[in-house]
Visitor: 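Take a look at the following structure, please.
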Amino acid sequence: MSLNIVGKSVPRADAREKVTGTALYIDDLRFPRTLYLKVLRAGIPHAKIKNIETKEAESIPGVLKILTGKTIGIDPEHFYGTCIFDQLPIAFNKVRHSGEIVAAVIAESEKTALAAVEKIEVDYEELPFVLDPVDSIAEGAPLIHEKNGEYKHLPTFTPVPNSNIFFGYNLKKGNYDRVFDGADIYVEGEFEYPLVNHVAMEPHGAIAHWDLAGNLHLWSSTQAPFVVREVLAGYLNLTMNKINIHVPSGGLGGGFGGKSDYNIEPLVALCARFVPNYYLKFQLTREEVFIGTVLGRGLKGYMKIGAKKNGAFVGIECSQYYADGAYADTSCNVVLAGGHNCTGPYFFPNCNLKSFGVYTNTVPVGAMRGYGHPEGQFMVERLIENLALKLGIDSRKLRMKNFLKPGDTNSLNQPIFEHNGNVRECFQRVVDSLNETPLPGSNATHYYGRGFAALVKSPVQTANASSNVFLKVNEDLTVSISIGGVEMGQGALTVLAQLAAEKLQFSLDKIRINPEINTQITPWEWQTVASMTTMRVGNAILIACERAIEQFKVNASFHFQCDISQLNYNGKAINYKDKEFPLEKLVLGYQYPDGHTEGNPIQAVGSSVVRNVTLPDSRTGQYHPYEWTFGAQGCDVSIEKSTGIIKVLHFVTALDVGKVINPATAKGQIYGGVMMGLGHTLMEKIEYDTKGRMKTVNLRRYRIPKLSDMPEKFSCIFVETPQPDGPYGARPIAEHSAVAPPAAILNAIQNATGISFTKIPITSSVMVEALSRRK
Amino acid sequence: MELKFKVNGQEIFLQVNPNDSLLYILRDRLHLTGTKNGCSAGHCGACVVIMNEEAVKSCLQKAKRLNNAEIITIEGLTPKEPSGELHPIQQAFIDATAIQCGFCTPGYIMELYGLFLRNPEASLDEIKVALEGHLCRCTGFKPILEAAVLAQQYLNKK
Ligand code: FES
Ligand code: FES
């Protein structure tokens with residue numbers, strides 16, 4: 001199949017708006033009669049609320065309303081959520097993390113609202129708190145949710161009453177109670193992947209408006225407008241046709257999972273009810289993004305692997321504890337994915353893998369780029385490195401020997417097929433790419449090292465996730481497509497237009513994907529997560545295009561008076577034998593010379609539902625997630641002996657992407673993912689003080705990579721083993737490059753210094769200290 | 001206080017609070033929303049504009065120091081016609097695929113505008129120094145650096 005548009009680095013569809021600053025994000029929207037919401041946050045991690053005094057704040061001119069758990073009119077027994085229903089929009093009689101909202105002020109300006117927030121007095125009875133997931137499951141730990149186990153929840157998730165465990169997952173494969181039978185050699189370790197923030201450059205915001213007919217209009221920087229709608233409908237007891245969730249036309253200023261599911265929307269919607277016909281705006285500050293939205297990762301884990309003398313893996317045992325914060329929800333899926341993905345792309349005949357979602361008095365954990373994959377694969381890749389050292393074999397050979405190959409089964413006992421992709425080739429190409437430049441030998445001032453890791457990822461999604469599109473061909477043969485997927489930087493609008501143009505054989509400038517979302521008129525989409533937009537929305541678009549072509553043929557069949565099977569479509573006309581009829585005369589149906597019309601306008605719906613995704617078996621933990629993407633990463637690092645400064649010299653990523661739709665945007669995803677993984681490895685960590693308050697509340701204290709942290713050389717390699725059900729063979733790729741940087745970099749550090757780190761981040765001071773301890 | 005200054009060539013008179021930030025004035029008083037607010041604290045660079053021919057973080061500039069200042073924002077670089085020709089730096093960001101979510105983009109473009117205004121021959125190291133104060137979570141920086149180099153070429157060809 002020769003392709004004209006797919007596979008080309010066409011310019012981004014949204015580029016002109018973005019370089020001119022005219023793309024509209026949530027904080028850029030302007031409405032009449034706008035009021036502002038500001039909130040008071042607990043400031044202490046765990047406490048009972050005894051009293052809230054708002055009188056003085058209420059007396060400030062310009063303050064319209066002050067709302068607390070007691071005055072906002074909520075039923076304290078009615079919770080929202082999607083996996084475990086354990087949340088209220090505002091604290092009722094207890095706070096569970098220091099960023100929790102205890103009071104909300106509606107005022108004429110943000111300044112006035114803030115002034116009022118300062119005047120609210122809260123009387124707390126402090127409770128003991130716990131920040132660490134292992135401490136949180138220890139005997140005598142403070143109970144964070146007295147109702148744990150009573151909350152409504154999906155059957156998959158299994159809270160343990162009278163404990164802080166809201167979900168325990170156990171995956172068993174093969175000889176699961178004696179996983180090491182037959183092994184000759186073992187390696188084990190304890191690992192930590194800290195809590196991290198997504199740091200999308202755009203802070204979260206939402207604007208809510210109730211019209212006088214009782215319809216809710218809510219604009220939000222959300223990756224998941226239909227999840228927000230579902231949650232609001234359930235929580236506010238509204239019918240869905242009264243809810244309009246909008247995503248601004250500029251899309252999101254980054255998401256990375258931090259804007260998925262739901263967030264501040266229930267509170268804004270609820271508060272706005274007190275000021276009908278106004279527009280109520282709640283724009284978070286950067287500090288609030290840190291303390292009051294969601295975080296990612298937060299793992300403490302133990303892992304052990306056993307192998308034969310010849311290096312063949314025999315079994316793996318793992319316990320993972322996730323500090324999932326004050327409310328459970330999305331982190332349920334993190335725990336599930338973390339549980340079964342910790343084996344990496346390797347064949348282990350026997351597995352006993354446990355993972356626990358644990359309440360802690362920290363910010364709730366939500367989705368985060370690649371969640372459930374970097375955590376566990378960091379552990380397994382570090383252990384493989386140590387196993388190779390112990391066995392005295394080259395770690396690259398050890399990996400090659402144990403990679404999953406067609407016919408093997410993964411931890412879930414799913415067979416692996418040729419079409420799942422080629423991890424060996426990815427790995428070999430990473431090795432070759434690094435080998436192009438010899439690694440400098442360590443010298444008086446610097447150590448140099450090289451490290452590798454491989455990766456596998458499946459999208460984590462609800463078993464009935466789907467994407468849907470509406471497509472219409474206009475009278476001038478341009479095409480307008482509505483999707484429910486959100487553009488948040490990943491390039492969805494561009495890549496999806498390429499798919500449509502290719503399929504319809506139209507030039508790219510004829511295709512417009514509508515960037516604006518309104519749940520009232522946009523087709524249903526589960527949510528924009530899990531790197532599934534190219535795949536799932538893409539497939540829906542291809543189906544819609546096929547249907548449009550079909551309709552063109554039906555319309556043309558009236559002209560040619562023939563069966564549609566005899567007709568051909570070429571993007572310009574419908575051909576019948578040696579005759580042709582132009583498409584533009586078929587757009588609204590076929591009109592006979594006397595005026596009467598047959599056929600129908602060219603409009604089509606396309607749907608793509610994920611198939612064969614199942615729920616975990618309660619006994620074995622086994623289930624079918626979606627398909628897999630394999631890859632490998634490797635890097636060269638230098639370490640300055642005196643300062644401990646670690647520099648990544650060359651970072652290589654190879655992914656079996658199935659088919660690259662747009663090389664430039666695909667590479668962009670890889671660069672961005674690597675830098676995020678590099679940040680987690682070398683600098684990023686959410687920290688709390690001894691009183692349980694977050695210390696890392698701005699971008700100076702919570703440092704993310706800057707330009708100078710970028711590797712000197714950055715390589716991307718695409719392997720293309722077509723995905724049978726992917727659009728033109730493509731498979732998900734956008735989160736994947738964030739999976740293995742921690743392991744690859746730590747393996748390189750070990751190669752350079754002999755120091756085996758098991759916790760990240762390795763900042764320069766951690767490095768210097770480790771070097772001096774070693775001396 | 002009464003503030004008199006110029007924004008994108010236009011004389012502006014406003015009643016403001018002396019501690020209002022330039023970012024606030026631009027976005028919330030003049031509704032020039034092309035300048036972005038990523039942190040309000042000088043840490044991210046999303047709010048960079050040109051003030052008296054220098055790239056500055058507008059969130060850190062107080063109104064009391066703005067009298068008679070000449071400000072250029074991303075709107076000042078943007079063609080007035082819908083299909084008008086973009087500024088070469090804007091074009092370079094498109095050509096180098098240096099945009100993802102686009103939230104950091106206006107800040108980067110204004111930083112480079114300021115740099116090349118002062119120093120059209122800026123070396124790669126000088127470009128890197130200028131861009132160091134900006135955060136981009138999406139692109140991994142590589143395409144942005146490429147866009148900067150490309151922009152310099154476009155400008156010097158003009
Ligand atoms: S908003 Fe000014 S530097 Fe971040
Ligand atoms: S493009 Fe998203 S922050 Fe730079």
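Quick caveat: nothing in here was measured; it's all calculated off a predicted structure. Chain A is the first sequence line, chain B the second, and so forth, proteins listed ahead of strands; every chain is numbered from 1.
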Visitor: Are there residues of residues 24-31 of chain B whose heavy atoms fall under 4.5 Å of chain A's heavy atoms? If so, which?
Guide: B/Tyr24, B/Arg27, B/Asp28, B/His31
Visitor: Under a 4.5 Å heavy-atom cutoff, which of A/Met675, A/Met710, A/Glu287, A/Met488 has the most pairs with chain B?
Guide: A/Met710
Visitor: Does a sphere of radius 6.0 Å around CD in B/Glu81 hold more than 12 heavy atoms from other residues, nucleotides or ligands, not counting ones at 6.0 Å or beyond?
Guide: no
Visitor: Give the interface residues of residues 47-75 of chain B toward chain A, defined by a heavy-atom separation under 4.5 Å.
Guide: B/Ile74
Visitor: Of all the residues in residues 93-121 of chain B, which have a heavy atom that comes within less than 4.5 Å of a heavy atom in chain A?
Guide: B/Phe93, B/Ile94, B/Thr97, B/Ile99, B/Gln100, B/Cys101, B/Gly102, B/Phe103, B/Thr105, B/Pro106, B/Ile109
Visitor: Among B/Ser40, B/Pro79, B/Gly84, which has the most heavy-atom pairs under 4.5 Å with chain A?
Guide: B/Gly84
Visitor: Counting only non-hydrogen atoms closer than 4.5 Å, does B/Ile144 touch chain A with its backbone (N, CA, C, O), its side chain (CB onward), both, or neither?
Guide: neither
Visitor: If the contact rule is any heavy atom under 4.5 Å from chain A, which residues of residues 126-134 of chain B qualify, in numerical order?
Guide: B/Lys128, B/Leu131, B/Glu132
Visitor: Would you mind checking if A/Lys281 and A/Glu108 are paired as a salt bridge, meaning a charged N to carboxylate O distance below 4.0 Å?
Guide: no
Visitor: Of all of A/Lys706, A/Glu17, A/Glu487, A/Gln669, which one pairs up most often with chain B through heavy atoms under 4.5 Å apart?
Guide: A/Lys706
Visitor: Taking A/Ile5's backbone N and O only, do any of them form a donor-acceptor pair with A/Gln498's side chain (distance below 3.5 Å, no angle check)?
Guide: yes
Visitor: So A/Phe31 and A/Trp219, would you call those rings parallel, tilted or perpendicular, with 30° and 60° as cut-offs?
Guide: tilted
Visitor: Do A/Lys647 and A/Asp709 pass the salt bridge (Lys or Arg N to Asp or Glu O under 4.0 Å) test, and can you show the C-alpha distance, the side-chain angles, and the key distance before you say yes or no?
Guide: CA-CA 7 Å; A/Lys647 285 249 148 222; A/Asp709 298 304; 5.2 Å; no
Visitor: Which bit of A/Arg12 comes within less than 4.5 Å of chain B, counting heavy atoms only: side chain, backbone, both or neither?
Guide: side chain
Visitor: Are B/Gln90 and B/Thr78 close enough that a side-chain donor and a side-chain acceptor fall under 3.5 Å?
Guide: yes
Visitor: Quiz question: by atom type and distance under 3.5 Å, do the side chains of A/Gln633 and A/Thr653 form a donor-acceptor pair?
Guide: yes
Visitor: Under the side chain to side chain contact (heavy atoms under 4.5 Å, CB included) criterion, do B/Thr33 and A/Asp27 qualify, and how do the steps go?
Guide: CA-CA 8 Å; B/Thr33 55; A/Asp27 194 21; over 6 Å; no
Visitor: Apply side chain to side chain contact (heavy atoms under 4.5 Å, CB included) to residues B/Asp20 and A/Lys111 and explain how you reach the verdict.
Guide: CA-CA 11 Å; B/Asp20 284 348; A/Lys111 281 178 194 169; 2.6 Å; yes
Visitor: Short question: side chain of B/Glu11, backbone of B/Val7 - any donor-acceptor pair under 3.5 Å?
Guide: no
Visitor: Let me see the working for B/Phe141 and A/Tyr671 under ring pair (Phe, Tyr, Trp, His ring centres under 6.0 Å), right down to the final yes or no.
Guide: CA-CA 8 Å; B/Phe141 301 107; A/Tyr671 297 140; over 10 Å; no
Visitor: Is chain B contacted by the side chain of A/Met201, its backbone, both, or neither, given a heavy-atom distance below 4.5 Å?
Guide: both
Visitor: For B/Cys39 and B/Cys44, which heavy atoms make the closest approach, and how far apart are they?
Guide: SG-N, 3.6 Å
Visitor: A/Thr478 vs A/Arg512, test: side chain to side chain contact (heavy atoms under 4.5 Å, CB included). Steps then yes/no.
Guide: CA-CA 8 Å; A/Thr478 60; A/Arg512 181 158 188 271; over 6 Å; no
